[in-house]
There are 2 protein chains.
Amino acid sequence: MSDRRERLARLDRLMGRLKEHGLRMTPQRAAILRALVMDPNHPSVETLHRRLVADYPNMSLATVYKTMNLLKELGEVRELEFSSRDNRFDGFIPQPHPHLICTRCGRIIDPDVPELKDLIENLVHATGFDVQSHRLDFYGLCPSCLKKD
Amino acid sequence: MSDRRERLARLDRLMGRLKEHGLRMTPQRAAILRALVMDPNHPSVETLHRRLVADYPNMSLATVYKTMNLLKELGEVRELEFSSRDNRFDGFIPQPHPHLICTRCGRIIDPDVPELKDLIENLVHATGFDVQSHRLDFYGLCPSCLKKD
DNA sequence: TCTCTGAAGAAAATTATTATCATTTTTTTT
DNA sequence: AAAAAAAATGATAATAATTTTCTTCAGAGA
C-alpha cells in the first residue's frame with residue numbers, strides 16, 4: 001500500500017479510461033495525467049500548467065484545460081468551484097448555513113440540519129483545524145420537480 | 001411576526017449599518033437594499049439589477065455590484081459562489097466528499113465525516129428532496145497555521 | 001446655501017475559461 | 001511503407017462576469 005504504487009495505479013486507470021473512449025494518449029496528455037496523479041494537493045489548472053511548462057516548454061494552457069475537461073466528463077475528476085460566476089446571495093442570513101439546491105429548477109431552500117453542530121465539533125476534534133465557517137450545499141431534485149418525472 | 005415586518009426591520013438594520021460606517025444613503029442604495037430585502041429567494045446581481053432597472057432605468061450594474069460588495073464587507077450578506085474562477089480539482093476522489101480548507105495557507109484536506117450518511121438520510125426525509133450530490137467545504141485554520149499565531 | 005467628499009454611471013480593463021483554426025501528430029487504410 | 005483520415009496541439013481570439021477608472025453629480029454637515 002505504498003503511496004507511489006497507488007498513484008501509479010490511478011495513472012493506469014486514467015490512461016485506460018481515455019483509451020476506452022477512443023482518445024489518444026499523447027505525450028502532453030500523459031504528462032498532464034502524471035502531474036495530476038502525483039500532485040498531493042488539489043491543484044488548479046494554472047498550478048498544473050506552471051509545473052508542466054518546466055518540462056514541456058510549449059505545453060499550452062488550453063491543452064491542460066481540455067484534458068481536465070475530458071477527465072471531468074469521464075467522471076474521473078471533480079471540480080471544486082470557487083469564486084464568482086453568476087453568484088447568488090443570502091440576503092437574510094449572513095451566517096453560514098446549509099442549502100438544498102434543486103438542480104432542475106434552481107430553487108434554493110435553507111433546511112434545518114440539527115446534526116451540524118455536533119458534526120463540526122467532531123471535525124475540530126479529529127483534525128485539529130479551527131473550523132470557522134463553511135459552505136454546505138446539497139444538490140438534488142425538489143419535490144415539485146420530482147413529481148414532473 | 002409578519003413576514004413584511006421582518007423584512008422592513010432587516011431593511012432598517014442594513015441602512016443603519018451603512019450609516020454607522022459613514023456611507024451615504026442614496027436613492028440607488030436604498031432601492032438596492034429594498035430589492036434585496038424583499039427578494040424571497042437567493043438573487044444574483046444580475047437578477048437584482050434586472051428588477052431595479054424597471055423602476056430606475058439608469059441603475060448601473062456596477063452600482064449593484066459595488067453595493068453588494070459593501071454589504072459583503074459588512075458581513076450582512078453572504079455570497080454563494082458557483083462555477084468557475086481559479087478552480088481546483090480533486091484528482092483522486094471524484095465522488096463528492098467534504099473538504100477542510102485552510103483560509104490562510106490554502107491547504108485542502110479530505111476529512112472523514114462518518115455522520116454524513118445519516119445526515120443526508122434525515123435531510124431527504126425532512127424535505128422531500130432527492131439529494132443526489134453535495135458540496136461540503138469547511139473553512140478554518142489548519143493546525144500548522146494555528147501554531148504560527 | 002456652500003463646500004467637499006463620497007457615489008453614480010459609462011466605458012475600459014481584467015481575468016478565468018472556452019472557442020477557433022491552422023499546423024502537427026497519431027492512427028488507419030491502402 | 002506511404003498516403004489518407006482523424007484527432008490533438010498550441011497560439012490567439014472570443015466570451016462573459018466582475019472590477020476599475022474617471023468624470024460628473026449629489027448628499028450632508030458647516
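Per chain, numbering begins at 1; letters A, B, ... match sequence-line order. Just so it is clear, the structure is predicted and the values come from calculations on it, not from any experiment.
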Next item on the list: Between B:M25 and B:Y65, just flag the one whose closest nucleotide in DNA chain D comes earlier from the 5' side.
Entry: B:Y65
Margin query: Need the pair for C:dT30. Rule: Watson-Crick or G-U wobble, both distances under 3.5 Å, any strand; none if unpaired.
Written below: D:dA1
Notebook entry, point to check: Do A:N69 and A:K66 get their side chains close enough for a donor-acceptor pair, meaning under 3.5 Å?
Noted result: no
Next item on the list: Just call it for A:P27: base, sugar-phosphate, or nothing, with non-hydrogen atoms closer than 4.0 Å on any strand.
Entry: sugar-phosphate
Next item on the list: Please determine, for the side chain of A:A62, which listed nucleotide (D:dT12, C:dA10, D:dA8) has the closest atom?
Entry: D:dT12
Checklist line | Salt bridge flag under 4.0 Å for residues B:E6 and B:R10 | finding: no
Checklist line | 5'-most by nearest nucleotide on DNA chain C - B:N58 or B:G22 | finding: B:G22
Margin query: Between the base of C:dT27 and the side chain of A:R24, is one N or O donor paired with an acceptor at under 3.5 angstrom?
Written below: no
Note to self: From CG of A:L71 over to P of D:dA8, roughly how many Å is that when rounded to an integer?
What the structure shows: 13 Å
Notebook entry, point to check: Do any side-chain nitrogens or oxygens of B:N69 fall under 4.0 Å of OP1 or OP2 in D:dT19?
Noted result: yes
Notebook entry, point to check: At under 4.0 Å, does any side-chain N or O of B:T63 touch on OP1 or OP2 of C:dG9?
Noted result: yes
Next item on the list: Using a cut-off of strictly less than 4.0 Å, decide whether A:T26 has a side-chain nitrogen or oxygen near OP1 or OP2 of D:dT9.
Entry: yes
